[in-house]
Amino acid sequence: QVQLEESGGGLVQAGGSLRLSCTGSGRTFRRYMKGWFRQAPGKEREFVAAKSVGGGTYYADSVKGRFTISRDYAKNTVYLQMNSLKPEDTAVYYCAAADKWATEEKDFASWGQGTQVTVSS
C-alpha cells in the first residue's frame with residue numbers, strides 16, 4: 001500500500017475550475033493505478049476518473065469532457081483538473097491507488113483522507 005494525501009479542494013462558483021492534487025509516498029507509487037472517487041452528502045462514493053500504469057485514462061460519463069486526470073511521477077503526484085464545474089459536482093473527493101487495473105472502489109486498497117469541493121450556483 002501507499003500513503004496518499006489530497007489537496008486543492010475549496011469553494012468555487014458554477015462554471016469555474018479547480019485542480020486537485022494527490023501526492024503518494026514511496027518509490028512504488030508509479031506502479032499503482034491511480035483513481036479519483038467522490039462522495040456527495042447522502043450518497044454512495046462513486047468513481048470519477050482513473051489512470052493506469054500504462055497511461056490509459058478512464059472517466060465517469062458525468063465528468064467526461066470536463067475533468068482530466070494526469071500524473072507527474074517526478075513529484076509522485078496525480079492531478080484531477082476540473083473545469084466547467086456544476087453544483088452537482090459538490091462532494092468530498094478521494095484519491096486512491098490500486099496494484100492492478102481497476103475502476104471499482106473495492107479494488108483500490110489505498111485511500112487518501114479526502115478533500116472537500118463545493119460548487120455554488
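Values in this document were obtained by computation on a predicted structure and should not be read as measured data. Atoms considered below: every heavy atom in the structure, side chains included; atoms not considered: hydrogens, waters and symmetry mates.
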> Using the salt bridge (charged side-chain N to carboxylate O under 4.0 Å, His left out) rule, collect all pairs that involve residues 2-23, keeping only residues at least two apart or in two chains.
none
> Should we say atom CD of Gln113 is surrounded by more than 12 heavy atoms from elsewhere, each under 6.0 Å from it?
yes
> Hey, does Leu20 have a side-chain heavy atom less than 4.5 Å from the side chain of Met82?
yes
> What residues form a side chain to side chain donor-acceptor pair (under 3.5 Å) with Gln116, not counting sequence neighbours?
Thr118
> Considering all heavy atoms of both residues, which atom of Val48 and which atom of Tyr93 are nearest to each other, and what is their separation?
CG2-CE2, 4.4 Å
> Quick one, Leu80 and Thr68 - any side-chain contact, counting heavy atoms below 4.5 Å?
no
> Quick check: closest heavy atoms across Ala14 and Ser121, and the distance to 0.1 Å?
CB-CA, 4.4 Å
> Listing request: all disulfide bond (SG atoms under 2.5 Å apart) pairs with a residue in residues 10-103, at least two apart in sequence or in separate chains.
Cys22-Cys95
> Could you list the cluster mates of Phe108? Members are the ILVMFWY residues connected by side-chain heavy atoms closer than 4.5 Å, either directly or through other members.
Met33, Phe37, Phe47, Tyr58, Val92, Tyr94, Trp101, Trp111
> Could you give all pairs that pass the disulfide bond (SG atoms under 2.5 Å apart) test and reach residues 40-85, with sequence neighbours left out?
none
> Does Ser17 have any side chain to side chain donor-acceptor pair (under 3.5 Å) partners at least two apart in sequence or in another chain, and if so, which?
Asn83
> In Å, rounded to the nearest 0.5 Å, how long is the span from CD of Glu46 to CD of Glu44?
10.0 Å
> Mind checking whether Asp89 and Val117 have side chains closer than 4.5 Å, heavy atoms only?
no
> Provide the closest heavy-atom pair for Val119 versus Thr90 in the form atom of the first, atom of the second, distance.
N-OG1, 2.9 Å
> Just jot down the side chain to side chain donor-acceptor pair (under 3.5 Å) partners of Thr77, sequence neighbours excluded, or say none.
Thr23
> Shortest non-hydrogen contact from Lys51 to Thr57?
NZ-CG2, 3.2 Å
> Look at the side chain of Arg30 and the backbone N and O of Ala74, then say whether any donor-acceptor pair between them is shorter than 3.5 Å.
no
> Sub-3.5 Å donor-acceptor pair from the side chain of Ser25 to the main-chain atoms of Gln3, do we have one?
yes
> According to ring-ring contact (aromatic ring centres under 6.0 Å, His included), does anything in residues 59-85 pair up with another residue at least two apart or in another chain? List the pairs.
none
> Minimum heavy-atom separation for Ala102 to Ala50, with atom names?
O-CB, 4.2 Å
> Using modelled atom types and a 3.5 Å cut-off, is there a donor and acceptor pairing between side-chain atoms of Arg45 and backbone atoms of Gln39?
no
> Got a sec, which residues hit side chain to side chain contact (heavy atoms under 4.5 Å, CB included) with Glu88, two or more places apart in sequence or on another chain?
Lys86
> Just by modelled atom types, is the Gly55 backbone N or O under 3.5 Å from a matching donor or acceptor in the Ser52 side chain?
yes
> Roughly how far, to the nearest 0.5 Å, is the NZ atom of Lys75 from the CZ atom of Phe29?
13.0 Å
> Under the rule for salt bridge (charged side-chain N to carboxylate O under 4.0 Å, His left out), what residues qualify as partners of Asp72, not counting sequence neighbours?
none
> Donor-acceptor pair, distance only, cut-off 3.5 Å: does the side chain of Ser110 make one with the backbone of Val2?
yes
> Considering residues at least two apart in sequence or located in another chain, which fulfil the side chain to side chain donor-acceptor pair (under 3.5 Å) criterion with Gln1?
none
> Identify whether the distance between the nearest side-chain nitrogen and carboxylate oxygen of Lys100 and Asp107 falls below 4.0 Å.
yes
> Quick one: CZ on Arg31 to CG on Asp99, what's the gap to the nearest 0.5 Å?
11.5 Å
> Give every residue pair that meets the disulfide bond (SG atoms under 2.5 Å apart) criterion with at least one member in residues 23-78, sequence neighbours excluded.
none
